[in-house]
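Here the structure is laid out as structure tokens; the discussion comes afterwards.
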Amino acid sequence: MKQIAILGSTGSIGTQTLEVVRANGDIQVVSLAAGSNIVRLEEQIREFSPKVVCVWQEEQARELKRRVADLPVKIVSGMEGLLEAATVPEAEIVVTAVVGMIGIRPTMAAMEAGKDIALANKETLVTAGHLIMPLARKRNVRILPVDSEHSAIFQCLNGEDKRRVSRILLTASGGPFRGRTREQMRHIGVEDALKHPNWAMGRKITIDSSTMVNKGLEVMEARWLFEVGLESIQVVVQPQSIIHSMVEFVDGAVMAQLGTPDMKLPIQYALYYPGRRPLGGGRLDFAVLSQITFEAPDTVNFPGLALAYRVGKQGGTAPTVYNAANEMAVRLFLEKKIGYLEITDIIEAAVEEIPFREDPGLEEILETEQMTYEFIKGRWKV
Ligand code: NDP
Ligand code: MG
């Protein structure tokens with residue numbers, strides 16, 4: 001029995017991870033964590049019998065405790081509880097599927113406790129990659145990518161010498177607004193932006209995909225995971241989302257991983273790496289598919305991608321400012337407090353205004369996050 005912890009178990013990645021657990025029957029879930037969805041947590045507790053469950057909101061934690069009083073499960077809350085769920089002694093792998101920078105501390109705590117990380121929570125690597133990667137080496141733990149593009153790259157690199165990689169070709173769908181000008185995107189509403197052409201995901205990443213900020217975050221995620229320079233990472237738009245990413249080697253060979261858009265494949269691959277398990281679901285039918293097309297990304301109308309390369313090159317706290325500004329801007333957009341184009345306007349303004357710090361520690365990263373939120377609240381009067 002493999003024992004795992006799932007942080008963010010009620011979300012899109014979290015519930016699909018539990019589907020993988022259910023289908024395989026040889027994984028034991030020892031802890032779960034979520035923000036506030038106690039209805040779904042109760043169902044998960046009754047089905048998977050974890051030992052520890054964290055609910056971020058204290059009030060909801062108390063309510064959940066009452067609901068599952070008949071079961072031998074420990075309910076905890078807040079950051080202390082999240083750290084406990086991330087470090088339960090039995091867990092070998094921690095699936096980080098919380099959304100946002102809230103994932104940094106539990107991810108690092110799990111690594112300190114010697115656990116492998118199945119990483120979906122890209123915001124953690126974007127903002128603290130310079131702390132996470134050395135920590136992985138020091139504690140001898142693995143960071144197994146769950147993000148589909150990074151899983152594809154990871155699969156292409158299997159058995160290869162990393163020093164023989166010349167380029168990483170990170171594919172992007174281009175999102176629902178591919179081909180539009182900024183002017184044509186001015187009046188986009190929340191409902192329009194929540195419709196992704198190929199993937200069903202959580203709300204924040206769906207908006208990020210539509211602005212191409214998700215691809216910007218993924219460029220920075222790839223840079224840490226595969227330890228390559230940003231200049232060696234090229235984004236290729238592949239609107240059908242069939243090629244999940246590619247790697248070019250020094251002899252010109254290009255390896256790609258293809259498949260239907262289904263996150264259960266990268267999740268399962270991370271949980272059983274280096275093995276492969278059967279997985280149900282659709283298969284590619286090349287006769288029906290008939291074509292796979294490619295384009296260069298539009299960095300003029302989608303400035304979030306070019307800006308990601310800029311902050312990535314700058315390093316230090318710049319990626320934290322980019323990421324934190326995006327987290328807040330997306331929240332404000334979802335609350336209908338700002339317009340669609342203001343998401344990238346806010347990121348640009350924050351990157352210009354927030355003081356830069358080189359080589360930040362964890363506390364400085366979290367301070368920069370707060371500083372970014374304060375700046376946006378002041379400037380946008382929200
Ligand atoms: P969702 O919004 O669907 O789920 C987020 C999860 O995090 C929920 O379980 C939520 O709980 C939980 N959560 C939120 N705040 C807290 C908190 N303070 N403490 C503990 N748990 C919390 O997001 P996704 O599953 O879509 O994405 C998760 C991560 O995976 C993101 O970083 C995303 O970028 C990445 N990712 C997602 C992909 C996808 O297909 N969805 C693909 C690739 C990467 P609650 O439900 O109670 O609010
Ligand atoms: Mg992705």
Side-chain angles (χ1 to χ4, degrees), residues 2 4-21 27 29 31-35 37 40 44 54 56 82 85-86 91-111 115-129 132-133 136 141-155 170 172 196 198-209 213-226 241 244-245 257 259 261-273 279 323 326-327 330:
K2 206 182 265 281
I4 68 165
I6 308 173
L7 311 181
S9 66
T10 55
S12 164
I13 295 291
T15 51
Q16 292 182 86
T17 303
L18 288 168
E19 282 179 47
V20 169
V21 169
I27 296 178
V29 178
S31 68
L32 298 173
N37 189 347
R40 192 166 274 178
Q44 294 179 346
C54 176
W56 182 257
L82 191 53
E92 299 155 55
I93 303 183
V94 176
V95 180
T96 60
V98 293
V99 56
M101 290 178 68
I102 187 89
I104 300 179
R105 292 186 57 198
T107 304
M108 292 182 74
M111 294 169 73
K115 300 176 191 316
D116 288 335
I117 305 295
L119 185 134
N121 177 227
K122 64 190 84 181
E123 297 90 345
T124 283
L125 213 48
V126 167
T127 55
I132 301 273
M133 297 315 290
V141 297
R142 294 188 292 201
I143 311 280
L144 303 154
V146 167
D147 209 345
S148 59
E149 294 79 0
H150 304 74
S151 175
I153 296 161
F154 189 55
Q155 293 177 58
L170 192 72
H196 192 277
N198 306 326
W199 296 94
M201 308 178 284
R203 286 156 64 89
K204 189 237 172 203
I205 185 175
T206 304
I207 303 296
D208 290 352
S209 300
V213 166
N214 181 52
K215 211 46 61 180
L217 296 173
E218 289 186 353
V219 167
M220 293 189 265
E221 182 186 12
R223 169 254 190 104
W224 291 117
L225 278 172
F226 306 111
S241 298
H244 297 312
S245 276
Q257 187 251 325
D262 181 355
M263 287 308 296
K264 288 197 283 299
L265 168 58
I267 293 168
Q268 179 169 282
Y269 191 76
L271 292 179
Y272 288 102
Y273 175 80
L279 180 67
N323 178 74
N326 179 58
E327 286 192 27
V330 170

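- Between Tyr273 and Leu144 the shortest heavy-atom distance is CD2-CD2, 3.7 Å.
- Qualifying side-chain contact (heavy atoms from CB on, under 4.5 Å) partners for Ala200, counting only residues two or more places apart in sequence or in other chains: none.
- For Glu221, the salt bridge (charged side-chain N to carboxylate O under 4.0 Å, His left out) test picks out no residue, with sequence neighbours left out.
- In this view, Arg40 satisfies the salt bridge (charged side-chain N to carboxylate O under 4.0 Å, His left out) rule with no residue, not counting sequence neighbours.
- Of the residues Ile13, Leu125, Thr107, Ile6, the one that meets the side chain to side chain contact (heavy atoms under 4.5 Å, CB included) test with Thr96 is Thr107.
- The side-chain contact (heavy atoms from CB on, under 4.5 Å) search around Ser209 returns His196, Met201, Ile205, Asn214, not counting sequence neighbours.
- For Gln155, the side-chain contact (heavy atoms from CB on, under 4.5 Å) partners are Ser151, Gln257, Tyr269, Arg276, not counting sequence neighbours.
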Practice task
Please step through side-chain contact (heavy atoms from CB on, under 4.5 Å) for the pair Val21 and Ile4, ending with a clear verdict.
Solution key: CA-CA 10 Å; Val21 169; Ile4 68 165; 3.9 Å; yes
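- What you find for Cys54 and Leu82 is that their closest heavy atoms are SG-N, 3.4 Å.
- For the pair Arg203/Val99, no side-chain contact is recorded, criterion being any heavy-atom separation below 4.5 Å from C-beta on.
- Looking at residues two or more places apart in sequence or on another chain, you find no ring-ring contact (aromatic ring centres under 6.0 Å, His included) involving His150.
- Residue Ser31 comes nearest to Ala5 through the heavy atom pair OG-CB, 3.1 Å, listed as atom of the first residue, atom of the second, then distance.
- The closest donor-acceptor contact from the side chain of Gln44 to the backbone of Ser9 lies under 3.5 Å.
- Take Ser12 and apply the side chain to side chain donor-acceptor pair (under 3.5 Å) test, not counting sequence neighbours, and it matches Gln16.
- The side chain to side chain donor-acceptor pair (under 3.5 Å) search around Asp208 returns Lys204, Asn326, not counting sequence neighbours.
- Taking Lys115 as the reference, nothing meets the side chain to side chain donor-acceptor pair (under 3.5 Å) condition, with sequence neighbours excluded.
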Practice task
Check the pair Leu225, Phe154 against side-chain contact (heavy atoms from CB on, under 4.5 Å), reporting the backbone distance first and the verdict last.
Solution key: CA-CA 9 Å; Leu225 278 172; Phe154 189 55; over 6 Å; no
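- Nearest heavy-atom pair across Ala110 and Ile117 is CB-CD1, 3.8 Å.
- Between atom CD1 of residue Ile132 and atom CD1 of residue Ile104 there is a gap of 7.0 Å, rounded to the nearest 0.5 Å.
- For the residue pair Ile27 and Leu271, the shortest heavy atom distance occurs at CD1-CD1, 4.0 Å.
- Take Lys264 and apply the salt bridge (charged side-chain N to carboxylate O under 4.0 Å, His left out) test, not counting sequence neighbours, and it matches Glu19, Asp262.
- Under the side chain to side chain donor-acceptor pair (under 3.5 Å) criterion, Glu92 pairs with no residue at all, not counting sequence neighbours.
- Between Ser241 and Asn198, the side chains place a donor N or O and an acceptor N or O closer than 3.5 Å (distance only, hydrogens not considered).
- Side chains of Ile153 and Leu170 form a contact here, defined as non-hydrogen atoms less than 4.5 Å apart.
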Handout entry: Step-by-step side-chain contact (heavy atoms from CB on, under 4.5 Å) determination, Val146 to Met263
Key = CA-CA 8 Å; Val146 167; Met263 287 308 296; 4.2 Å; yes
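- Take Val98 and apply the side-chain contact (heavy atoms from CB on, under 4.5 Å) test, not counting sequence neighbours, and it matches Leu7, Ile102, Asn121.
- Scanning all heavy atoms of the two residues, the minimum distance from Ala118 to Ala270 falls at CB-CB, 4.1 Å.
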